[in-house]
K.L.:
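Just passing along the structure, written as structure tokens.
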Amino acid sequence: MTLPVDAPDPALLDDLVAANRILYSEGVVDGFGHVSARHDKEPGRFLLARSMAPGLVTGDDILTFDLDSNAVDAGSRALYLERFIHSEIYKARPDVAAIVHSHSPSVIPFGATAVALRPIYHMSGFLGAGAPVFEIRDAGGDDTDMLIRSPALGAALARRLGGAAVALLRGHGNVVVAPSLRLAVFRAIYTEINARLEAEALLLGQGRVTFLNEKEAAAAAAANSPQVGRAWELWKHKAMGGSR
Ligand SMILES: [Zn+2]
């Protein structure tokens, strides 16, 4: 028997719709990728759209899942194949309130080479904790379709993420987590920008680049976190066609 679920805060649902639109508008997701938020009243559940392009998500498309990735209220609607990314990370990381999974293009080379994704400027201080690379062959063998389509693969990814904010999926994309939905969106956007800038700096500097050190990265991340609302309002204005 499924226990009744308290309705999530309507403001959280609004933010999750906006998060989908913003991530599309800012070039982090395209027709693929997804963003979820932990349920504000039931930490053993999370909110995620039905299987569809993030840029088209409305409030009616948001479904509630348990931590085994069963949808409580899906009916006949299709689910994202890679929803196990979300359920297994929420299980492993009680501090995480939101997760973005994308194939944001500039990050891909860092998952496929030995070059580490590191904080090149203050907006990406959250990368100071490292961005481990998840090698799916270690968990799924050498013949997967690269997708995190099972609880076991999701759990292996969560283990590789450890306590970091970002993990790279070799040959696939990345996962970004945060203690709030708006901060997860912020981090996903600046993960993409950092990757682009780092690649440029590596070329320009012929491999010699000065990154933020650990203390600078931590201090910059702490300074930026309270400022997320300012960027959010701008991104939302752009993504939602000028509304609010
Ligand atoms: Zn994917």
Side-chain angles (χ1 to χ4, degrees), residues 19-20 22-30 32-35 54 85 89 93 95-135 157 160-236 238-239:
N20 276 276
I22 288 168
L23 290 167
Y24 173 60
S25 169
E26 296 301 316
V28 173
V29 299
D30 48 21
F32 301 93
H34 20 90
V35 52
I85 291 172
I89 291 175
R93 292 277 302 270
D95 61 306
V96 167
I99 300 169
V100 177
H101 167 55
S102 81
H103 314 143
S104 69
S106 304
V107 183
I108 298 293
F110 293 88
T113 63
V115 181
L117 187 68
R118 297 172 63 187
I120 195 160
Y121 74 154
H122 65 121
M123 299 306 288
S124 42
F126 58 90
L127 289 172
V133 176
F134 174 70
E135 172 50 77
L157 171 60
R160 190 74 184 107
L161 173 67
V166 178
L168 312 188
L169 285 67
R170 194 269 308 162
H172 177 176
N174 68 85
V175 171
V176 178
V177 305
S180 78
L181 178 56
R182 293 184 180 196
L183 193 57
V185 168
F186 177 97
R187 288 176 174 178
I189 290 169
Y190 283 107
T191 295
E192 167 66 16
I193 296 172
N194 191 93
R196 193 164 67 233
L197 295 176
E198 184 175 341
E200 287 173 7
L202 286 165
L203 277 177
L204 191 66
Q206 296 177 320
R208 291 188 299 278
V209 177
T210 304
F211 294 97
L212 271 65
N213 66 29
E214 210 171 308
K215 288 178 186 172
E216 288 167 340
N224 280 334
S225 292
Q227 305 285 338
V228 167
R230 193 165 81 189
W232 175 271
E233 292 304 327
L234 177 67
W235 290 327
K236 184 177 173 185
K238 179 179 159 197

K.L.:
State the OG1-CZ distance between Thr191 and Phe126, to the nearest 0.5 angstrom.
P.N.:
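Taking OG1 in Thr191 and CZ in Phe126, the distance rounds to 3.5 Å.
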K.L.:
Taking Ser124 for the side chain and Tyr121 for the main chain, is one N or O donor matched with an acceptor at less than 3.5 Å?
P.N.:
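At least one qualifying donor-acceptor pair exists.
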K.L.:
Do side-chain atoms of Arg187 reach the backbone of Val177 as a donor and acceptor pair under 3.5 angstrom?
P.N.:
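Present.
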K.L.:
Indicate yes or no for a side-chain donor-acceptor contact from Arg93 to the backbone of Ala164 under 3.5 Å, with no hydrogens or angles considered.
P.N.:
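Side chain of Arg93 to backbone of Ala164: a pair is present.
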K.L.:
Report yes or no: does Arg118 contribute a side-chain atom to a donor-acceptor pair with the main-chain N or O of Asn213 at less than 3.5 Å?
P.N.:
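A pair under 3.5 Å: no.
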K.L.:
Could you report the tightest heavy-atom contact between Ala131 and Leu127, atom names first, then the distance?
P.N.:
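Ala131 and Leu127 have their closest heavy atoms at CB-CD2, 4.3 Å.
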K.L.:
Between atom OG of Ser104 and atom CG of Asp30, what is the distance when rounded to the nearest 0.5 Å?
P.N.:
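The distance works out to 10.0 Å.
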K.L.:
Have a look at Ile99 and tell me which of Val35, Leu161, Ile89 forms a side chain to side chain contact (heavy atoms under 4.5 Å, CB included) with it.
P.N.:
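Going through Val35, Leu161, Ile89 one by one, the side chain to side chain contact (heavy atoms under 4.5 Å, CB included) with Ile99 is satisfied by Ile89 alone.
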K.L.:
Using a 4.5 Å cut-off on heavy atoms from C-beta on, say whether the side chain of Met123 contacts that of Asn224.
P.N.:
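In contact.
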K.L.:
Is the closest side-chain heavy-atom distance between Ile189 and Trp235 below 4.5 Å?
P.N.:
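SC-SC contact between Ile189 and Trp235 confirmed.
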K.L.:
Supply the atom-to-atom distance Arg160 CZ to Glu135 CD, rounded to the nearest 0.5 angstrom.
P.N.:
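Here the interatomic distance stands at 10.0 Å.
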K.L.:
Are there over 12 heavy-atom neighbours, none belonging to Glu216, within less than 6.0 Å of that residue's CD?
P.N.:
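Yes - once you tally the heavy atoms of other residues, nucleotides and ligands closer than 6.0 Å, there are more than 12.
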K.L.:
Is the side chain of Asn174 donor-acceptor paired with the backbone N or O of Val166 at a distance under 3.5 Å, no angle test?
P.N.:
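Side chain of Asn174 to backbone of Val166, a donor-acceptor pair under 3.5 Å: no, none is there.
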K.L.:
Answer whether the closest heavy-atom distance between the side chains of Arg196 and Ile193 falls below 4.5 Å.
P.N.:
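Contact flag for Arg196/Ile193 side chains = yes.
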K.L.:
Measure the NE2-OH distance between His122 and Tyr190 for me, rounded to the nearest 0.5 Å.
P.N.:
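Here the rounded value is 8.0 Å.
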K.L.:
Answer whether the closest heavy-atom distance between the side chains of His101 and His172 falls below 4.5 Å.
P.N.:
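Side-chain contact under 4.5 Å: yes.
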K.L.:
A quick test of your reading: do over 12 heavy atoms of other residues, nucleotides or ligands sit less than 6.0 Å from CZ of Phe110?
P.N.:
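Yes, because the 6.0 Å sphere around CZ of Phe110 holds more than 12 heavy atoms from other groups.
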K.L.:
For the side chain of Asp95 and the backbone of Pro179, is there at least one donor-acceptor N/O pair under 3.5 Å apart?
P.N.:
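No; judged by distance alone, with no hydrogens or angles, the pair does not exist.
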